[in-house]
Amino acid sequence: MHEFAHKYFKMKKTFFTDVAVLRSLSIMVVVAFHTTGMMYADAHFPATKALYHSIYCTFNQCLLINVAMPMFVFLSGYLFHYQLLRGRVTSFVGMVRKKALHILVPYFVFSLVMMSTTANVNIISLLRGGYWHLWFLPMLFWCFVVSYVLRRLARPICCVAILIATFGLSLCGKFLPQIMGLHNITVWYCWFFLGGAAFLFKEQITSFMHRYRLPWLLVLGYVVLTVFVPVPYGERTWFATLAQVGAVLALWQVFHTLRPAAMQRLYPLVWLSRYSYGVYIFHNWLAVYLISSTAQRLLPLAAWAEAHVVLFPLGFFLATFLLSLACSWALLKTRVGKYLIG
């Protein structure tokens, strides 16, 4: 494993490894967010709902997820602007076609599969681009489209103006028509463009943050603010958004500047990154089955949830994550799977 990892890191560009590590950490947080949140949802364990809510709500709804989801969008913008700069995106039509095949087709396929295997049939939500956790995919599609249109505005003053405008729009909420996820763009595009700006000006940003030793100070500031003034995921305030920007940039800076030897030790996270797309698609779907009424008839899940308020949600998270990973790995062994999540 060590020799393979060493050869892998010699072949890959350094910034791809930091993106891979951050993507893997983010997907683990997202899985934990959904599985832990199910512990205090109305439908699953009503007897222990209040107990789990009192223990986990602030940590689960506010702290990690408010960095993990922006980080996902940030990394997509980061890599897309790399492709733009390297001339790998040559036409608008070609880009739209490629992203539609890679993002919108899986959105429809997996949404319809979930509808056919659950009681949650909602065609209106599907067409609006907001079906379950898969809302993320149509939103991301529009981020690529908007960034291609703005690709020539790469000068510092233009980037600053766009960042101020898009983060300002994010505080206004969703006001665009609900057509294939378009309404989500006002809230999330700011993070995509922030990732692009981080790639375009990474040397300047890295130098500035290193000079004033900002990364861990920004992370600490975000944690302290969240503890004393928790802002739940989905709600937006200017001070929480500013703290999230600092935390996202700080974490990117930490992994972007890690030495190659340290990055080699994180190889399992780099390997996991390949399956993060599939894990995202499968996890929420599988989690519902793992604690369904059928599962609770077969196993004393409610009793375990009441008796083990730490071990049970941890086990639930691990089971969901590993099953999602296994499904992703198996699907990628097929031609259809490579087409959908490859």
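For F45 and F312, the distance between ring centers is under 6.0 angstrom. Taking the ring centroids of W191 and F167, they lie under the 6.0 Å cut-off. Ring centroids of F144 and F192 are separated by less than 6.0 Å, placing the two rings close together. Aromatic ring centres of F199 and F80: separated by at least 6.0 Å.
Of the inter-residue distances, the one linking T226 atom OG1 with L64 atom CG reads 9.0 Å to the nearest 0.5 angstrom. Note that CD1 of I103 and CG of L134 are 12.5 Å apart. Values are rounded to the nearest 0.5 Å. Here the straight-line distance linking atom CG of L22 with atom CE of M71 works out to 4.5 Å at 0.5 Å rounding.
R236 approaches G234 most closely through the heavy-atom pair NH1-O, 2.9 Å. Taking both residues in full, the closest heavy atoms of N122 and M115 are given as O-CE, 3.1 Å, listed atom of the first, atom of the second, then distance. Annotation for L176 and H183: closest pair O-CB, 3.3 Å, computed over non-hydrogen atoms.
Annotation: side-chain hydrogen bond (donor to acceptor under 3.5 Å, both in side chains) contacts involving residues 20-36, sequence neighbours excluded, comprise R23-S273, H34-H283. Sorted by first and then second residue, the salt bridge (charged side-chain N to carboxylate O under 4.0 Å, His left out) pairs with a member in residues 309-332 form an empty list; sequence neighbours excluded. The side-chain hydrogen bond (donor to acceptor under 3.5 Å, both in side chains) analysis of residues 42-65, with sequence neighbours excluded, yields the pairs Y40-N60, Y40-Q61, D42-K49. Applying the side-chain hydrogen bond (donor to acceptor under 3.5 Å, both in side chains) test to residues at least two apart or on different chains, the pairs with a partner in residues 245-254 are T206-Q253.
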Pairs of donor and acceptor atoms involving the side chains of residues 214-223, under 3.5 Å and at least two apart or interchain, shall be tabulated with distances.
{"residue": "Y222", "atom": "OH", "partner": "C62", "partner atom": "O", "Å": "3.1"}
{"residue": "Y222", "atom": "OH", "partner": "L63", "partner atom": "O", "Å": "2.5"}

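Residues V89 and R151 form no side-chain contact, since every pair of their non-hydrogen atoms from C-beta on lies 4.5 Å or further apart.
In the hydrophobic clustering (ILVMFWY side chains linked at under 4.5 Å, chained through shared members), V160 is joined by I164.
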Audit row: W135, Y107, ring pair (Phe, Tyr, Trp, His ring centres under 6.0 Å) steps and yes/no: CA-CA 8 Å; W135 65 266; Y107 169 75; over 10 Å; no

